[in-house]
Protein chains: 2
Amino acid sequence: MRKEKNLGEFEIIVLAALIRLGTDAYGVSIRQEIETRTGRSVSVGALYSTLSRLEEKNYVASRMGAATAERGGRAKRHYLIKAEGEAQLEKSVFMLGKMLKGIKAWPETLKNLACL
Amino acid sequence: MRKEKNLGEFEIIVLAALIRLGTDAYGVSIRQEIETRTGRSVSVGALYSTLSRLEEKNYVASRMGAATAERGGRAKRHYLIKAEGEAQLEKSVFMLGKMLKGIKAWPETLKNLACL
DNA sequence: CTATATCCTCTACAATGTAGAATAAATAAG
DNA sequence: CTTATTTATTCTACATTGTAGAGGATATAG
């Protein structure tokens with residue numbers, strides 16, 4: 001069994017996006033979700049290689065879907081976070097929360113972490 | 001001017017520790033702060049190389065202090081987060097917050113795994 | 001001086017982050 | 001049907017971060 005390692009920053013973001021998107025998660029939508037929500041640009045390669053690594057770690061599952069009847073509507077690969085992935089994400093977020101909790105200076109920013 | 005890059009997960013943790021410790025921050029106390037607060041073990045090398053990289057990026061400043069009159073009380077290197085570091089940390093935490101905000105069901109397992 | 005404690009530096013390598021070209025597969029146009 | 005265009009994923013290559021631990025420096029105690 002692979003030793004449990006801490007998630008990287010981008011891995012956290014990707015896993016969070018998977019939770020947000022639920023069954024609608026595939027390459028393009030995930031990328032879109034992250035970009036619009038964080039304002040940060042994400043290259044295709046960055047996203048897919050991270051997804052692939054998360055899958056190797058058994059944090060994420062994927063399956064090929066069917067093509068759709070739109071122009072360029074080739075088959076998508078759908079991604080879903082697994083229980084192990086959620087658990088690990090929770091652990092990482094918990095750690096960050098422990099470190100960040102109580103640091104004043106950020107009025108709005110920390111409010112977003114109130115879910116911890 | 002170095003391009004602004006996103007902070008890594010551990011970098012976030014270290015910067016947060018620096019804020020928490022204020023003027024008491026030096027190698028051992030920083031390590032202690034992170035370990036007790038997160039329950040995660042931190043190797044000496046991991047910490048110092050991260051601090052050193054944060055300093056190169058102008059996010060942190062350090063200076064050598066004086067020795068103290070305790071057994072083994074050799075001089076400590078004191079670290080202090082800089083304004084640039086705080087700004088960058090806030091940016092990273094803001095992004096994470098945006099992605100994590102509103103995710104409720106942490107402990108819950110996704111039941112949709114069957115559809116894979 | 002030798003022992004022991006505290007603390008930092010250095011080296012080496014593993015894992016994660018990132019970009020963009022290449023490729024694949026679908027419909028639309030002519 | 002052949003080419004253009006659109007949507008999507010795969011692949012390759014390299015940069016940055018993460019991590020461990022040996023080793024060296026410097027302090028007091030005895």
Side-chain angles (χ1 to χ4, degrees), chain A residues 2-15 17 24-32 34-35 38 40-57 59-60 62-79 88-89 92 95-96, chain B residues 2-15 17 24-32 34-35 38 40-57 59-60 62-79 88-89 92 95-96:
Chain A
R2 173 194 289 268
K3 197 203 165 197
E4 291 244 325
K5 313 206 67 178
N6 298 309
L7 294 170
E9 188 255 5
F10 190 54
E11 291 180 318
I12 291 175
I13 285 182
V14 169
L15 288 178
D24 295 331
Y26 75 103
V28 174
S29 69
I30 297 169
R31 191 167 167 230
Q32 169 86 6
I34 297 174
E35 291 194 331
T38 66
R40 141 192 196 169
S41 85
V42 175
S43 72
V44 235
L47 179 59
Y48 284 107
S49 49
T50 295
L51 283 167
S52 162
R53 286 161 185 166
L54 288 171
E55 198 166 7
E56 280 173 11
K57 291 196 264 188
Y59 292 159
V60 159
S62 81
R63 70 172 163 66
M64 223 44 193
T68 58
E70 311 161 69
R71 177 147 199 194
R74 69 169 285 201
K76 301 163 174 48
R77 179 174 290 279
H78 298 276
Y79 294 89
Q88 193 57 42
L89 176 59
S92 286
M95 278 184 193
L96 287 170
Chain B
R2 173 193 287 266
K3 195 203 168 199
E4 291 244 327
K5 313 205 69 175
N6 298 309
L7 294 170
E9 187 257 3
F10 190 54
E11 290 181 318
I12 291 175
I13 286 181
V14 170
L15 288 178
D24 295 330
Y26 75 101
V28 173
S29 69
I30 297 170
R31 193 169 165 226
Q32 169 86 5
I34 297 175
E35 291 194 331
T38 67
R40 141 192 197 172
S41 85
V42 175
S43 72
V44 230
L47 179 60
Y48 284 109
S49 49
T50 297
L51 282 167
S52 161
R53 286 159 184 166
L54 287 171
E55 198 165 8
E56 279 173 12
K57 291 195 265 189
Y59 292 159
V60 160
S62 81
R63 68 165 173 30
M64 222 44 192
T68 59
E70 309 162 72
R71 177 147 197 193
R74 69 169 283 198
K76 302 164 174 45
R77 179 173 290 279
H78 298 277
Y79 293 90
Q88 192 58 41
L89 176 59
S92 286
M95 280 185 191
L96 286 170

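Convention: sequence-line order gives letters A, B, ...; per-chain numbering from 1.
Within the nucleic acid shown, A/Gly45 comes within 4.0 Å of at least one base atom, counting heavy atoms only.
Comparing D/dT19, D/dT17, C/dT16 against the side chain of A/Glu11 picks out C/dT16 as the nearest. For B/Val44, the side-chain atoms get nearest to D/dG21 when compared with the rest of D/dG21, C/dG17, D/dG18. The side chain of B/Arg53 has D/dG18 as its nearest neighbour among D/dA8, C/dT18, D/dG18. Distances from the side chain of A/Phe10 to the nucleotides C/dC7, D/dT19, C/dG17 place C/dG17 closest. The side chain of B/Arg74 lies closest to D/dA27, out of D/dG18, D/dA27, C/dA28. Listed nucleotides: D/dA29, C/dG17, D/dT10. Nearest to the side chain of A/Tyr79: D/dT10. The nucleotide whose nearest atom lies closest to any side-chain atom of B/Glu9 is, among C/dG17, C/dT6, D/dG18, D/dG18. In this structure, of D/dA27, D/dA8, D/dT10, it is D/dA27 that holds the atom nearest to the side chain of B/Ala67.
Between D/dT19 and B/Arg40, a contact under 4.0 Å exists linking OP1 or OP2 to a side-chain N or O. The side chain of A/Asn6 contributes no N or O atom lying less than 4.0 Å from OP1 or OP2 of C/dA15. Considering only side-chain N and O atoms, A/Lys57 lies under 4.0 angstrom from the phosphate OP1 or OP2 of C/dT16. The phosphate of C/dT9 (OP1 or OP2) has a side-chain N or O of B/Arg77 nearer than 4.0 angstrom. Checking the phosphate oxygens (OP1, OP2) of C/dT18, no side-chain nitrogen or oxygen of A/Ser43 falls inside 4.0 Å. For D/dA15, neither phosphate oxygen OP1 nor OP2 lies less than 4.0 angstrom from any side-chain nitrogen or oxygen of B/Lys5.
To the nearest angstrom, P of D/dT12 lies 18 Å from CG of A/Leu47. For the pair B/Tyr26 OH and C/dT6 P, the computed distance is 9 Å after rounding to whole Å. One can place CD of A/Glu4 at 12 Å from P of C/dT16, the figure rounded to the nearest angstrom. Between A/Glu55 atom CD and D/dT10 atom C1' there is a gap of 13 Å when expressed in whole angstrom units. Straight-line distance from the CZ atom of B/Arg31 to the C1' atom of C/dT6: 12 Å, rounded to whole Å. At whole-Å resolution of the value, CE in A/Met64 and P in C/dT23 are 17 Å apart. Summarising the geometry, the separation between CD on B/Gln88 and C1' on D/dT17 is reported as 14 Å, rounded to the nearest angstrom. In this structure, A/Lys76 atom NZ and D/dT6 atom P are separated by 16 Å, rounded to whole Å.
Test A/Leu7, A/Ile13, A/Val14 against A/Glu11 for side-chain contact (heavy atoms from CB on, under 4.5 Å) and you get one pass: A/Leu7.
Taking OG from B/Ser29 and CG from B/Asp24, the interatomic distance works out to 6.5 Å, rounded to the nearest 0.5 Å. Distance CZ/B/Arg77 to CD1/B/Ile30: 11.5 Å, rounded to 0.5 Å.
Nearer to the 5' terminus of DNA chain D, by closest-nucleotide assignment, is the contact made by A/Gly72 (compared with the other of A/Gly72 and B/Val42). Comparing A/Glu70 and A/Leu7 along DNA chain C, the residue whose closest nucleotide (by nearest heavy atom) sits nearer the 5' end is A/Leu7. Heavy-atom distances to DNA chain C give each of A/Gly73 and A/Ser49 a nearest nucleotide, and the one nearer the 5′ end belongs to A/Ser49.
Counting heavy atoms from C-beta on, the side chains of B/Thr68 and B/Lys76 come closer than 4.5 Å. Contact of the A/Phe10 side chain with the A/Val42 side chain is registered, since non-hydrogen atoms from C-beta on lie closer than 4.5 Å.
With hydrogens and angles ignored, the 3.5 Å screen pairs no side-chain donor or acceptor of B/Glu9 with any backbone N or O of A/Asn6. One N or O on the side chain of B/Glu55 and one on the backbone of B/Ser62 form a donor-acceptor pair closer than 3.5 Å.
Side-chain atoms of B/Arg71 and base atoms of D/dG30 include no donor and acceptor less than 3.5 Å apart.
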